[in-house]
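What's counted below: heavy atoms across the whole structure, side chains too, no hydrogens, waters or symmetry copies. Quick note on labels: first sequence line is chain A, next is B, and so on, each numbered from 1.
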Amino acid sequence: MSEVIRAELARVAAHLGVADAGFVLERPRDGGHGDLSTNLAMLLAKPLKANPRALAQKITAELQLPASVVAKTEIAGPGFINFWLAQDALHSLLATIISAGPAFGRGDAGAGQRVNVEFVSANPTGPLHVGHGRGACLGDAIAALLEWTGHAVTREFYINDAGVQIDRVIQSLWARIEQQLGRPAEIPEGGYHGQYLVELAQALVAKHPELAGLTAEQGLAFATVAPGLLRAEQEELLRDLRVVFDVWSSEKAVRDQGKVDAALALLAERGLTYHQDGALFLRTSEYGDDKDRVLRKSDGSLTYFVPDIAYHIDKHERGFERVIDVWGADHHGYIPRMRGVLRALGYGEDYFEVALVQLVKVMKGGEEVRMSKRSGEFVTLRDLVDWVGVDATRYFFLMRPGQSPFTFDVDLARKQTDENPIFYVQMAHARMSGIFRVAGRDPESATGDVKLEALPAPEDLELLKKLAVFPEVVARAAKSREPHKLTDYLEDLARLAHGWYHKCRVLGEAADTEAARLALARAARIVLANGLTLLGLSAPDRM
RNA sequence: GCGCCCGUAGCUCAGUUGGAUAGAGCAACAGCCUUCUAAGCUGUGGGUCGGAGGUUCGAUUCCUCCCGGGCGCGCCA
């Protein structure tokens with residue numbers, strides 16, 4: 001119904017001579033300023049050379065809004081026009097929420113748009129650490145937000161299963177196997193020292209007694225199982241975290257299919273490359289980068305940049321209108337060159353997007369859990385999930401914007417009290433369910449066809465209005481790729497729901513009030529459940 | 001030195017394309033258990049929005065400079 005008001009405001013603005021005023025119609029922070037508010041008069045003040053308040057008078061006099069939509073209009077402050085929605089409009093909100101049910105909050109802003117969200121993309125050289133976990137949760141939630149706004153989303157993991165790091169993990173594994181067999185062997189320079197390879201070697205030796213008889217060459221060939229096994233372990237953990245990928249892309253496959261050579265040929269053909277000092281350069285500086293970048297080093301080998309380009313070309317060829325890469329913030333310096341290439345290839349300014357994820361610190365027992373220097377072990381993501389569970393892991397990583405550093409408070413995440421935001425939100429859902437449980441009724445039995453006059457308390461209407469905003473919150477969070485806007489909303493909503501639950505008795509009230517409040521409880525339960533579900537969190541009926 | 005991010009209540013952080021008296025949680029203080037989960041609810045106190053200019057009817061928000069913190073600046077990945 002805000003569309004009705006928006007359209008009418010636009011009509012009046014056009015009538016006054018300003019066709020495209022660019023005004024906003026928004027929900028004021030302060031409830032005393034109405035349900036919706038516009039700055040139209042203040043924006044028109046300049047072009048029309050008139051006093052904003054006088055203009056507001058003129059505008060409100062011209063507005064033709066049905067009484068079934070707007071109950072009251074008021075001019076306030078420097079020239080805001082505030083609207084109070086009619087009860088009928090609120091009534092239809094409740095019915096809308098209930099009839100939409102699990103789909104309430106979905107939109108079609110991105111209808112038909114294919115988006116690829118690539119995230120985690122950890123090297124298959126070891127266990128995932130907490131930073132990967134943050135990227136996993138944020139990437140998954142951004143993907144879900146895009147789905148809820150109508151986009152066709154592909155969740156993708158890019159496996160860096162080729163190159164130097166892979167050789168090193170293979171060599172490191174073979175060294176650990178040799179050590180298991182009682183032979184002297186050392187982890188190579190730049191290799192992987194983590195305990196996980198010792199454990200892997202142990203398991204492999206137990207399973208394959210024939211390893212003892214292998215030559216070094218045969219052993220290294222055997223040890224090529226390392227990346228695959230480590231990747232599978234990552235996938236299993238992600239699955240436990242409820243992060244499931246549609247596509248696992250392989251750098252090795254990109255190379256093997258000749259896409260790297262094809263990329264080089266394409267760039268050369270477009271005149272984007274040149275030779276200098278025995279190396280091959282790419283003219284990224286002409287497309288926003290600080291300087292040109294090396295593709296082929298003077299020793300003849302390729303930089304890691306090249307397969308990355310090939311991979312991004314591959315994604316584009318698969319027909320996505322947009323790709324979003326979720327990267328660790330330490331890679332932010334890499335953005336201009338990648339954006340530069342894609343710009344040079346004519347993919348369009350909006351095609352390539354990066355969501356940066358900052359570092360994660362972990363606090364446990366009042367102190368920071370640090371990386372131990374000797375073993376090279378990080379706090380693994382598995383540790384974290386074991387400590388606090390999947391819901392808390394996900395929620396905590398989602399409740400702050402990715403681009404700000406985050407301290408994960410393990411002790412808080414474990415608490416079963418209202419101090420813990422995920423607990424608080426889930427508890428609100430459980431309470432709404434509890435009302436129906438006590439009543440011995442199925443929530444589905446509460447219909448939206450109730451009298452709004454039967455909701456006498458201000459808390460009733462406040463809660464209802466909050467529920468109605470949910471789709472806008474989803475749309476805004478999706479647009480800015482910021483899941484924390486949704487967790488913030490859920491905490492606000494939970495606060496109102498708890499307050500309402502406390503203040504407004506449902507069962508045993510007068511019949512029409514009970515019916516109306518049951519409908520409200522059902523609607524609140526729907527929105528809480530939808531928000532939690534969207535973010536990959538459980539919505540328990542009792543706790 | 002250059003680039004990016006950040007600086008908001010004692011602490012952790014929100015702040016909707018520039019809007020009205022800058023918010024929440026925690027912590028502190030004061031209340032509330034015959035009633036749908038007290039695993040909870042209500043109220044109070046707490047701020048030169050890092051600093052100084054500028055643009056604007058209006059700036060936490062945009063621009064410039066400075067201070068303070070993080071990260072990145074390879075023919076490494």
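Separating the CG atom of A/Leu496 from the P atom of B/G25 is a distance of 11 Å, rounded to the nearest angstrom. With rounding to whole Å, A/His332 atom NE2 is found 12 Å from B/G3 atom P. A straight line from CG of A/Leu490 to C1' of B/A14 spans 14 Å, rounded to a whole angstrom. A/Asp409 has its CG atom 11 Å from the C1' atom of B/C11, to the nearest Å. For A/Glu482 and B/C13, the CD to P distance is 15 Å, given to the nearest whole Å. Taking atom CZ of A/Arg400 as the reference point, atom P of B/C11 lies 15 Å away to the nearest angstrom. Atom CZ in A/Phe396 sits roughly 15 Å away from atom P in B/U12 (whole-Å rounding).
Among the protein residues, A/Ser37 comes within range of the nucleic acid bases, having at least one heavy atom under 4.0 Å from a base atom. Using a 4.0 Å heavy-atom distance criterion, A/Asp492 is classed as making no nucleic acid contact. A/Pro401 comes within contact range of the sugar-phosphate backbone alone, with a heavy-atom separation under 4.0 Å but no base atom that close. Residue contacts shown for A/Asn82 include a base, since a base heavy atom lies under 4.0 Å away. Using a 4.0 Å heavy-atom distance criterion, A/Lys479 is classed as making no nucleic acid contact. A/Val294 comes within 4.0 angstrom of a nucleotide base, judged by non-hydrogen atoms across all strands. Base contact: A/His331 has a heavy atom under 4.0 Å from a base atom. Among the protein residues, A/His498 comes within range of the sugar-phosphate backbone only, with heavy atoms under 4.0 Å from sugar or phosphate atoms but none that close to a base. Counting non-hydrogen atoms under 4.0 angstrom, A/Lys503 reaches nothing in the nucleic acid. A/Asp330 comes within 4.0 angstrom of sugar-phosphate atoms only, judged by non-hydrogen atoms across all strands, and of no base. Backbone-only contact: A/Thr417 has heavy atoms under 4.0 Å from sugar-phosphate atoms and none from a base. A/Gly499 comes within contact range of the sugar-phosphate backbone alone, with a heavy-atom separation under 4.0 Å but no base atom that close. Residue-level contact check: A/Arg296 touches neither bases nor backbone, having no heavy atom under 4.0 Å from any strand.
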Can you list, pair by pair, the side-chain donor-acceptor contacts under 3.5 Å of residues 293-304 of chain A, counting residues two or more places apart and other chains?
from     : atom 1 : to       : atom 2 : distance (Å)
A/Arg293 : NE     : A/Asp289 : OD2    : 2.8
A/Arg293 : NH2    : A/Asp289 : OD1    : 3.2
A/Arg296 : NH1    : A/Gly300 : O      : 3.3
A/Asp299 : OD1    : A/Ser301 : N      : 2.9
A/Asp299 : OD1    : A/Ser301 : OG     : 2.7
A/Asp299 : OD2    : A/Ser301 : OG     : 3.4
A/Thr303 : OG1    : A/Val294 : O      : 2.9
A/Thr303 : OG1    : A/Leu295 : O      : 3.3
A/Tyr304 : OH     : A/Arg337 : NH1    : 3.4

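For A/Ser404 and B/C6, a side-chain-to-base donor-acceptor distance below 3.5 Å is absent, hydrogens and geometry of angles not being considered.
Closest contact between the side chain of A/Arg505 and the listed nucleotides B/A14, B/C36, B/C75 involves B/C36.
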Base-pair map of RNA chain B as dot-bracket, where | denotes pairing with a different strand and pairs are Watson-Crick or G-U under 3.5 Å: (((((.(..((((.....[...)))).(((((.......))))).....(((((..]....)))))).)))))....
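On the C1' atoms, B/C63 is 23 Å away from B/G1, given to the nearest whole Å. For the C1' atoms, the distance from B/C62 to B/G18 is 8 Å, rounded to whole Å. A distance of about 43 Å separates the P atoms of B/U64 and B/G43, rounded to the whole Å.
A salt bridge is defined here as a Lys NZ or Arg NE, NH1 or NH2 lying under 4.0 Å from an Asp or Glu carboxylate O, and A/Arg255 with A/Glu251 meets this definition.
Residues A/Arg476 and A/Glu482 have side chains not in contact (no heavy-atom distance under 4.5 Å, counting atoms from C-beta outward).
Interface residues of residues 424-436 of chain A facing RNA chain B, ordered by number: A/Tyr424, A/Met427, A/Ala430, A/Arg431, A/Gly434, A/Ile435; criterion, heavy-atom separation under 4.0 Å.
Residues forming a side-chain hydrogen bond (donor to acceptor under 3.5 Å, both in side chains) with A/Arg495 (at least two apart in sequence, or on another chain): A/Asp492.
By the 5.5 Å and 30° criteria, A/Phe80 is not stacked with the base of B/G19.
Here salt bridge (charged side-chain N to carboxylate O under 4.0 Å, His left out) pairs that include residues 158-172 of chain A, with residues two or more places apart or in two chains, number zero. Sorted by first and then second residue, the ring pair (Phe, Tyr, Trp, His ring centres under 6.0 Å) pairs involving residues 485-523 of chain A (not counting sequence neighbours) are A/Tyr424-A/His498, A/Phe470-A/Tyr489.
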